[in-house]
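FYI, side chains are in, hydrogens and waters are out, and symmetry mates aren't considered; it's all heavy atoms of this structure. Since we're looking at a predicted model, the values are computed, not measured.
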Amino acid sequence: MAEKKLRSIARNKKASHDYFFEEIYEAGICLVGTEVKSLRMGKCSIKEAFIRIDNGEAIIYQMHISPYEMGNIFNKDPIRPRKLLLHKQQIRKLQGQITQQGYTIVPVEVYFSKGLVKLKIALAKGKKLYDKRHDIAKKDQRREAEREFKVRNLR
């Protein structure tokens, strides 16, 4: 079985805190050469990014890719809208889902897969405040249990 070679560039940690992920998709991104070079150097942020579907195309907004230092005139705007490469059927399915109350499309991670830049996106439903508190409490309990286990094994 062939193993996928993945190298993470940027992750949206806040997304898992704010949303429940229903479905996860892998999408390509339309980029220019200097943007790819900048991504290879790890200069990318998707913290403020969001995805919309306009005219049957998925587009990511506010994804920041820092300008490549050696790029001079070939550099593009760091936060320009970029087209996502998804199948038409996937886009139609996402379009139908986000018309429902509370659903949105969230960028989760940018990574290299077999030399190509990919974006992991999720169909997500927003968490309520009590859900967030519950998740934090579960994390604290798990962390405390691991700490107890570690202390017992050291003796």
When you compare the side chain of [Y] with that of [X], does any pair of heavy atoms fall below 4.5 Å?
{"X": "Pro81", "Y": "Ile60", "result": "no"}
{"X": "Tyr103", "Y": "Glu22", "result": "yes"}
{"X": "Arg82", "Y": "Met63", "result": "yes"}
{"X": "Lys93", "Y": "Glu23", "result": "yes"}
{"X": "Leu123", "Y": "Val106", "result": "no"}
{"X": "Glu48", "Y": "His64", "result": "no"}

Looking at [atom1] of [X] and [atom2] of [Y], how far apart are the two atoms once the value is rounded to the nearest 0.5 Å?
{"X": "Lys139", "Y": "Arg143", "atom1": "NZ", "atom2": "CZ", "result": "7.5 Å"}
{"X": "Tyr25", "Y": "Leu86", "atom1": "OH", "atom2": "CG", "result": "8.5 Å"}
{"X": "Leu84", "Y": "Arg52", "atom1": "CG", "atom2": "CZ", "result": "13.5 Å"}
{"X": "Glu57", "Y": "Gln95", "atom1": "CD", "atom2": "CD", "result": "12.0 Å"}
{"X": "Gln97", "Y": "Ile53", "atom1": "CD", "atom2": "CD1", "result": "10.5 Å"}
{"X": "Leu85", "Y": "Gln90", "atom1": "CG", "atom2": "CD", "result": "11.0 Å"}

Item checked: Shared hydrophobic cluster, Val108 / Ile65 (ILVMFWY, side-chain heavy atoms < 4.5 Å) -> no

Item checked: Hphob cluster co-occupancy, Leu119 + Ile98, side-chain heavy atoms under 4.5 angstrom ->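 The answer is yes; both residues are in one hydrophobic cluster.
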
Next item on the list: Check the surroundings of atom CD in Gln89: do more than 12 heavy atoms from other residues, nucleotides or ligands lie under 6.0 Å from it?
Entry: no

On a heavy-atom basis, which atom in [X] and which in [Y] lie closest, and how many Å separate them?
{"X": "Ile9", "Y": "Phe112", "value": "CD1-CE1, 3.3 Å"}
{"X": "Phe20", "Y": "Gly126", "value": "CD1-O, 4.5 Å"}
{"X": "Ser38", "Y": "Tyr68", "value": "N-CD1, 4.1 Å"}
{"X": "Ala122", "Y": "Phe21", "value": "CB-CD2, 3.6 Å"}
{"X": "Pro107", "Y": "Ala15", "value": "O-CB, 4.3 Å"}
{"X": "Cys44", "Y": "Leu39", "value": "CB-CD2, 3.4 Å"}

Short N-O contact, [X] and [Y], less than 4.0 angstrom:
{"X": "Glu144", "Y": "Arg147", "answer": "yes"}
{"X": "Lys118", "Y": "Glu109", "answer": "no"}
{"X": "Lys120", "Y": "Glu26", "answer": "no"}

Note to self: Arg40 vs Glu35, test: salt bridge (charged side-chain N to carboxylate O under 4.0 Å, His left out). Steps then yes/no.
What the structure shows: CA-CA 9 Å; Arg40 289 200 188 284; Glu35 289 177 326; over 6 Å; no

Next item on the list: Among Ile46, Ile24, Asn12, Ile51, find the residue that satisfies the side-chain contact (heavy atoms from CB on, under 4.5 Å) test when tested with Ile121.
Entry: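 Filter result, single survivor: Ile51.
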
Note to self: A cation-pi test, strictly: NZ or CZ of Arg7 under 6.0 Å from the centre of the six-membered ring of Tyr111 and no more than 45 degrees from its axis. Yes or no?
What the structure shows: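 Because its charged atom misses either the 6.0 Å distance or the 45° angle limit, Arg7 does not stack over Tyr111.
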
Notebook entry, point to check: Using links of under 4.5 Å between side-chain heavy atoms of ILVMFWY residues, direct or through other members, which residues join Tyr61 in one cluster?
Noted result: Phe50, Ile59

Item checked: Under the salt bridge (charged side-chain N to carboxylate O under 4.0 Å, His left out) test, residues paired with Glu148 that sit two or more places apart ->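 If we apply the salt bridge (charged side-chain N to carboxylate O under 4.0 Å, His left out) test to Glu148, skipping adjacent residues, there are no hits.
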
